[in-house]
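We count residues from 1, following the sequence as given.
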Amino acid sequence: MSLRNRSKTKLTASVSDLDKARLQDRYRGLDFTHIDECPRRVPVRIGGEVQGIRVVPRAGSPSLEVTIADGTARAVAVFLGRRGLPGVVPGRSIVIEGVGRDEDGRTILLNPAYTILPS
């Protein structure tokens with residue numbers, strides 16, 4: 001592919017496609033399972049960028065939901081009984097280790113171990 005064709009492709013691509021490609025390039029080669037290939041009911045290690053954080057009630061107590069994306073899909077890490085996690089902010093890279101499951105069409109990991117990656 002010539003340089004001219006490559007630059008034309010970037011100019012005609014949507015913002016979401018460019019963002020997905022950026023995330024896939026950023027996490028390529030690391031020892032993670034892609035979120036879209038994440039098996040259910042098996043311990044997994046996924047990594048991605050924090051896309052959103054919100055506090056929601058679950059069973060009468062607050063829970064922190066952290067949405068992460070790696071360019072292939074999104075997953076939600078749910079920390080029960082928490083209102084915040086120091087250093088976990090949108091745009092930050094994070095590694096999540098836990099057992100994935102489906103809930104309302106989303107990949108959910110309850111109370112996973114997490115590691116914040118350097119910027």
field: P90 and I53, any side-chain heavy atoms less than 4.5 Å apart
entry: yes

- request: Determine the minimum heavy-atom distance between I46 and A75, stating which atoms define it.
  value: CD1-CB, 3.8 Å

- line: d(T115 OG1, E97 CD) to nearest 0.5 Å is 6.0 Å

query: Within a strict 4.5 Å, meaning less than it, do heavy atoms of the I68 and I35 side chains meet?
result: yes

query: Can you name the nearest heavy-atom pair linking R82 to P86, along with the distance?
result: NH2-CD, 4.2 Å

Heavy-atom closest pair, residues V55 and R83: CG2-O, 3.5 Å

hydrophobic_cluster_shared for V44 and L110, side chain cutoff 4.5 Å: no

field: Any side-chain heavy-atom pair of D102 and R40 under 4.5 Å
entry: yes

task: Report the C-alpha distance between I116 and R92 in whole Å, list the side-chain angles of each, state the deciding distance to 0.1 Å, and finish with yes or no for side chain to side chain contact (heavy atoms under 4.5 Å, CB included).
output: CA-CA 7 Å; I116 299 171; R92 195 65 180 256; 3.5 Å; yes

message: Would you say CZ of R74 has more than 12 non-hydrogen atoms from neighbouring residues, nucleotides or ligands within 6.0 angstrom?
response: no

query: Which heavy atom of A69 sits nearest a heavy atom of Q51, and at what distance?
result: CB-CG, 3.6 Å

Nearest heavy atoms of A77 and P112, plus distance in Å: CB-CG, 3.8 Å

field: Student check: side-chain heavy atoms of D70 and F32 closer than 4.5 Å
entry: no

- prompt: Is any side-chain heavy atom of R106 less than 4.5 Å from a side-chain heavy atom of T67?
  reply: no

- request: Measure the shortest side-chain to side-chain distance between L64 and V88 over non-hydrogen atoms and say whether it is less than 4.5 angstrom.
  value: no

message: I need the minimum non-hydrogen distance between V78 and S63, along with the two atoms involved.
response: CG1-CB, 4.1 Å

query: Under a single-linkage definition using a 4.5 Å side-chain heavy-atom cutoff for Ile, Leu, Val, Met, Phe, Trp and Tyr, are I96 and V76 assigned to the same hydrophobic cluster?
result: no

- prompt: Side-chain contact, heavy-atom cut-off 4.5 Å: T33 with P39?
  reply: yes

message: Tell me whether V99 shares a hydrophobic cluster with F79, the cluster being built from Ile, Leu, Val, Met, Phe, Trp, Tyr side chains joined at under 4.5 Å.
response: no

